[in-house]
Amino acid sequence: MAKIIQKEEMNSAQILEIAEALKNGKLIVFPTDTVYGIGTNAFDSVACEKIYQAKNRPKHKPLLVLISDISMLKEMVNEISLTEQKLMAHFWPGSLTIKFKKKNKILPDIISANDDYVRVRMIKEGVIFKIIQTAKIPIVAPSANLSGSLTGTKIENIKRELEDKVDYILDYGDIESDITSTIVQVEKEEIMILREGKITKEELAKIAPIKEEDMEL
């Protein structure tokens, strides 16, 4: 059964406790700047497997990764293209997830659904930013809901679905919007939109040409 921590109870000691739990592969439900996420240590393959089990998530669907600074990204990817740099400069930190070619043998294959990419978003606000910054590790962070059910915005729904499957739930109340991050990939300096979200096609088109592509998630 999860340990539930209310927003009013959160302090530096709790943040340190949760950061250590994440490093040790525990599962945490937390609010982000979009919806609630369910996360764990992105370097821990066993812990990432537990995310799939907790959500009943199909293995062909990759997991998004949250970072708190660019140094974490550089650990995971070999190079960053000019268009990727422009996207990062314009939209990071924020609601844009970018699909990068990952380094070999750094991240477990399970989080990328066994392809050669990692899907990364940088966050710079809220309790989860403080936790990632304290833990000094990237975390996988799909939405906190069972696969196929409503996106994780209502805390009582989240508790009902996940309380017996995770180690901590950070209860910050309901989130008003259910709009998730936009996911993109850059190919030949063109932007492919893999999932529409908070960042619009029109905003992205100001950075580079848009290439039409089937939705990924």
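Everything numeric in this text was worked out from a predicted model, so none of it was measured. Count residues from 1 along the sequence.
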- request: Give a yes or no on whether a salt bridge exists between Arg160 and Asp164, defined as a side-chain N under 4.0 angstrom from a carboxylate O.
  value: no
query: Are any side-chain N or O atoms of Arg195 and backbone N or O atoms of Ser181, one a donor and one an acceptor, separated by less than 3.5 Å?
result: yes
message: Looking at Asp167 and Leu27, would you say the former's side chain and the latter's main chain have a donor-acceptor pair under 3.5 Å?
response: yes
query: Do other residues, nucleotides or ligands put more than 12 heavy atoms under 6.0 Å from the NZ atom of Lys26?
result: no
query: What are the two closest non-hydrogen atoms of Ile67 and Ile132, and how far apart are they?
result: C-CG2, 4.3 Å
message: If we ignore hydrogens and angles and just use 3.5 Å, is the side chain of Tyr168 paired with the main-chain N or O of Ala21 as donor and acceptor?
response: no
field: NZ/Lys101: more than 12 non-hydrogen atoms of other groups inside 6.0 Å
entry: no
statement: Residues Ile111 and Cys48: closest non-hydrogen pair is CG2-SG, 3.3 Å
- line: Interatomic distance, CG@Leu87 vs CD1@Ile98, rounded to 0.5 Å, equals 5.0 Å
Tabulate below the donor-acceptor pairs under 3.5 Å that side-chain atoms of residues 120-131 make, not counting sequence neighbours, or state none.
residue: Arg121; atom: NH1; partner: Asp33; partner atom: OD1; Å: 2.9
residue: Arg121; atom: NH1; partner: Asp33; partner atom: OD2; Å: 3.2
residue: Arg121; atom: NH1; partner: Gly94; partner atom: O; Å: 2.9
residue: Arg121; atom: NH2; partner: Asp33; partner atom: OD1; Å: 3.0
residue: Lys124; atom: NZ; partner: Ser68; partner atom: O; Å: 2.9

query: Taking the side chain from Tyr36 and the backbone from Tyr172, do they hold a donor-acceptor pair closer than 3.5 Å?
result: yes
Would you give me the side-chain donor-acceptor pairs under 3.5 Å for residues 74-83, sequence neighbours excluded?
residue: Ser81; atom: OG; partner: Glu84; partner atom: N; Å: 3.1
residue: Ser81; atom: OG; partner: Glu84; partner atom: OE1; Å: 3.3
residue: Thr83; atom: OG1; partner: Glu189; partner atom: OE1; Å: 2.3

- prompt: Do you see a donor-acceptor pair shorter than 3.5 Å between the side chains of Thr153 and Glu176?
  reply: no
Results of side chain to side chain donor-acceptor pair (under 3.5 Å) for Lys59 - residues two or more places apart only: Glu49
statement: For Arg119 and Pro62, the nearest pair of non-hydrogen atoms, with its separation, is NE-CG, 3.2 Å
message: I need the full list of side chain to side chain donor-acceptor pair (under 3.5 Å) pairs touching residues 37-46, with sequence neighbours left out, sorted by first then second residue.
response: none
query: Counting N and O atoms only, with roles assigned by atom type, does the side chain of Thr182 sit under 3.5 Å from a partner on the main chain of Gly197, one being a donor and the other an acceptor?
result: yes
message: I need the single residue from Asp115, Asn114, Ile110 that forms a side-chain contact (heavy atoms from CB on, under 4.5 Å) with Ser112. Which is it?
response: Asp115
field: Where Lys61 and Tyr52 come nearest, the two heavy atoms and their spacing
entry: O-OH, 2.6 Å
query: Any salt bridge between Glu17 and Lys3, counting N to O under 4.0 Å?
result: yes
- prompt: Does Lys55 use its side chain to pair, donor to acceptor, with the backbone of Asn145 at less than 3.5 Å?
  reply: yes
task: Work out which heavy atom in Leu204 is nearest to a heavy atom in Ile191; give both atom names and the distance.
output: O-CD1, 3.6 Å
Pair up each side-chain donor or acceptor in residues 8-15 with any protein partner under 3.5 Å, not counting sequence neighbours, and list the distances.
residue: Glu9; atom: OE1; partner: Gln6; partner atom: N; Å: 3.0
residue: Asn11; atom: OD1; partner: Ala13; partner atom: N; Å: 3.1
residue: Asn11; atom: OD1; partner: Gln14; partner atom: N; Å: 2.8

field: Whether Glu190 side chain and Ile210 backbone form a donor-acceptor pair below 3.5 Å
entry: no
statement: Applying side chain to side chain contact (heavy atoms under 4.5 Å, CB included) to Ser147 and not counting sequence neighbours gives Pro58
- request: From the options Lys198, Glu196, Glu203, select the one residue that forms a side chain to side chain donor-acceptor pair (under 3.5 Å) with Thr200.
  value: Glu203
query: Taking atom CG of Asn56 as the centre, does the number of heavy atoms from other residues, nucleotides or ligands within less than 6.0 Å exceed 12?
result: no
Point-to-point distance, once rounded to the nearest 0.5 Å, from CG of Asp171 to CD1 of Ile4: 7.0 Å
For Ile51 against Pro142, the heavy-atom pair lying closest together: CG2-CG, 3.7 Å
- line: Output for pair (Thr134 OG1, Lys23 NZ), nearest 0.5 Å, gives 9.0 Å
